[in-house]
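For reference, the structure discussed in these notes is given below.
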Amino acid sequence: MAEPNFYDSVYEVARLIPKGRVTSYGAIAAYLGTKGSSRMVGYAMQAAGRVDPPVPAHRVVNRQGLLTAKFHFGGNLMQTLLENEGVKVADDQVQDFKTVFWDPSIELAL
DNA sequence: CATTTGACTTGAA
DNA sequence: GTTCAAGCCAAAT
């Protein structure tokens with residue numbers, strides 16, 4: 001079911017992120033085949049807050065596991081949500097990032 | 001229709 | 001190891 005819209009594709013993948021896991025923009029972009037459009041993934045996320053059902057954008061972080069999106073969430077909301085799901089966050093960074101990392105190109109490749 | 005921007009990534013100094 | 005710069009694609013203006 002390939003969505004004709006780049007945004008919708010990003011939303012779907014973002015919704016597929018399991019609880020307590022996080023992924024990176026580049027991972028989603030690579031999964032969509034547009035590795036170079038890593039920025040677009042985040043850009044789509046911005047609009048994600050306007051779509052329905054809502055997308056767990058708080059589970060999407062940058063390559064460094066840094067909560068880059070928290071600035072858009074409006075404070076510590078993002079970190080709170082992540083910790084609420086079992087993701088340890090400290091200094092705006094995901095702890096054990098590689099452990100909680102969820103790569104769609106691998107998890108969904110099956 | 002052309003230009004600018006953007007929740008990023010990777011490479012080089 | 002850290003900092004700077006360039007590159008990438010798509011949507012918004």
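A note on names: the letters A, B, ... follow the listed sequences, proteins ahead of strands, and every chain is numbered from 1.
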Short side-chain to backbone donor-acceptor contact, A:Thr34 and A:Ala30, under 3.5 Å: no
Donor-acceptor contact below 3.5 Å, side chain A:Tyr11 vs main chain A:Ala44: yes
d(CD1, A:Ile28; P, C:dC9) in whole Å: 18 Å
Whole-Å distance separating the CG atom of A:Leu32 from the C1' atom of C:dC9: 12 Å
For DNA chain B, the dot-bracket pattern of Watson-Crick and G-U pairs whose distances stay under 3.5 Å, | for other-strand partners: .|||||.||||||
Please tabulate, for side-chain N and O atoms in residues 73-83 of chain A, each donor-acceptor pair with protein atoms closer than 3.5 Å (sequence neighbours left out).
unit_1: A:Thr80; atom_1: OG1; unit_2: A:Asn76; atom_2: O; d: 2.8

Verdict with supporting geometry, A:Arg21 and A:Glu107, salt bridge (charged side-chain N to carboxylate O under 4.0 Å, His left out): CA-CA 12 Å; A:Arg21 298 289 174 183; A:Glu107 302 297 321; over 6 Å; no
Same cluster (ILVMFWY, side-chain, under 4.5 Å), A:Val60 and A:Tyr7: yes
Distance (rounded to the nearest 0.5 Å) between A:Ile28 CD1 and A:Met40 CE: 13.0 Å
Intermediate values then yes/no, side chain to side chain contact (heavy atoms under 4.5 Å, CB included), A:Asp103 and A:Thr23: CA-CA 6 Å; A:Asp103 190 341; A:Thr23 191; 5.6 Å; no
Minimum heavy-atom distance A:Asn62-A:Leu66, with the two atoms named: OD1-N, 2.6 Å
Annotated protein contacts, base or backbone, on nucleotides 1-13 of chain B with a non-hydrogen cut-off under 4.0 Å, one of B, S, - each: -----BBBSS---
